[in-house]
Amino acid sequence: MIRRCLFPAAGYGTRFLPATKAMPKEMLPILTKPLIQYGVEEAIEAGCDVMAVVTGRGKRAIEDHFDISYELEHQIKGTSKEHYLTEIRSVIDKCTFSYTRQIEMKGLGHAILSGELLIGNEPFCVILADDLCDHRDGAGVLSQMTELYNKYKCCIVAVEEIEIENSNKYGIIAGDLIEDGVLRVHNMVEKPDPKDAPTNLAIIGRYILTPEIFDVIRETKPGKGGEIQITDALLAMAKEGKVIAYKFKGKRFDCGSVEGFVEATNYFFDKEKDNLEA
Ligand code: G1P
């Protein structure tokens, strides 16, 4: 059973300036719920009860969100508004949160390595909260992946097919099909130009990693953009047959872009409108 889920959440969210000037991008809401809470709920559904968040300067609102707000609780106790806090209270009851800061922005691989002490020597999940996933009536993407982990016991990246002209926004994988929707990865490239992309299978922000990854990241040299890339570390493991890619079931929204954010808002509004109050 995988208990821990890591949330790299130190990035600046420049594409959402000025909204993200004083507010973490992970706190941007889709309807009334911040992006990171969707991620935490997905992790809980997958069986995780320890959330390890790698934050940075200016991210305190995340810690406050997953805490009791006594003043607010006191104000609305016994009123018709109390139910607004039911969902977040249940999240807080079901898991514990631990935090560490990534002092310098040296890439996603470096962010994950910064979380090593919060994870320890166990397999763990990683969620990039700006990739918002939903599987309308079925198991969440992370649940699908933890189930697969029980079978393969190796690193797993979630992938989806993209338009090849967008290959320079993603880690791209190539591999051999080993069962329906599952590939044994033999190549991975971080954000290649379309002409250099080995396939159109892009990694999205869901990973399951074995603790061996920490030593591998330590050995990984800066890659694309001068940053320590998780894609490069995973390539080293893939060469030993230790990485699989999973074509998940469900929908994924790139909420790191304004277009994806608006699309997600419309999708969740349509899904939840009967539960929202006028
Ligand atoms: C990161 C990873 C990339 C992956 C993407 C998924 O990039 O480096 O391999 O495809 O997340 O969202 P970022 O979007 O942080 O630039």
Side-chain angles (χ1 to χ4, degrees), residues 5-16 20 24-26 28 35-36 38-39 42 53-56 59 102 104-115 125-134 141-142 145 155-175 183 185 187-194 196-209 213 216-217 220-238 243-248 250-261 263-264:
C5 186
L6 187 78
F7 293 82
Y12 296 125
T14 42
R15 280 186 287 176
F16 276 90
T20 48
K25 63 172 174 160
E26 295 76 13
L28 290 170
L35 279 171
I36 192 160
Y38 285 91
E42 187 182 330
V53 190
V54 177
T55 66
K59 299 280 187 165
Q102 186 185 7
E104 289 173 285
M105 300 299 159
K106 291 192 197 162
L108 182 56
H110 178 259
I112 291 173
L113 184 59
S114 306
C125 305
V126 176
I127 289 185
L128 307 183
D130 49 15
D131 273 337
L132 178 53
C133 293
D134 189 61
V141 174
L142 209 59
M145 292 170 74
C155 295
I156 308 176
V157 294
V159 293
E160 74 175 3
E161 289 183 21
I162 53 148
E163 302 291 335
I164 199 70
E165 60 265 28
N166 290 325
S167 66
N168 58 3
K169 295 185 189 154
Y170 300 94
I172 303 289
I173 69 107
L183 297 96
V185 175
N187 194 13
M188 308 178 83
V189 194
E190 179 67 7
K191 304 195 174 112
D193 285 340
D196 302 320
T199 68
N200 69 339
L201 286 175
I203 303 169
I204 63 113
R206 300 290 180 280
Y207 304 75
I208 291 183
L209 302 174
I213 195 74
V216 180
I217 298 173
T220 302
K221 302 267 179 301
K224 191 89 186 179
E227 297 187 331
I228 313 256
Q229 300 293 350
I230 191 64
T231 307
D232 295 340
L234 281 168
L235 175 61
M237 292 185 71
V243 182
I244 60 175
Y246 171 58
K247 290 187 187 177
F248 63 94
K251 259 186 102 55
R252 166 257 174 190
F253 301 93
D254 173 14
C255 292
S257 76
V258 175
E259 198 187 345
F261 188 88
E263 214 185 304

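Residue numbers start at 1 and run along the sequence shown. In what follows, every heavy atom counts, from backbone to side chain, and hydrogens, waters and symmetry copies are set aside. Atoms within a ligand are numbered from 1 in the order they appear, just like the ligands themselves.
The shortest distance between side-chain heavy atoms of L201 and E161 falls below 4.5 Å. Here the side chains of I217 and I112 are in contact, with some heavy-atom distance below 4.5 Å. Between N187 and L235 there is a side-chain heavy-atom pair separated by less than 4.5 Å.
Proximity of a side-chain donor or acceptor of E160 to a complementary backbone N or O of I204 within less than 3.5 Å is not detected. A donor-acceptor pair is defined here as one N or O able to donate and one able to accept, closer than 3.5 Å; no such pair exists between the side chain of K25 and the backbone of D130.
Put simply, the residue from L128, I127, V53 that forms a side-chain contact (heavy atoms from CB on, under 4.5 Å) with P8 is L128.
A distance limit of 4.0 angstrom between heavy atoms and ligand 1 selects the residues L108, L128, D131, Y170, G171, E190, K191, I203, I204, G205, Y207, Q229, T231.
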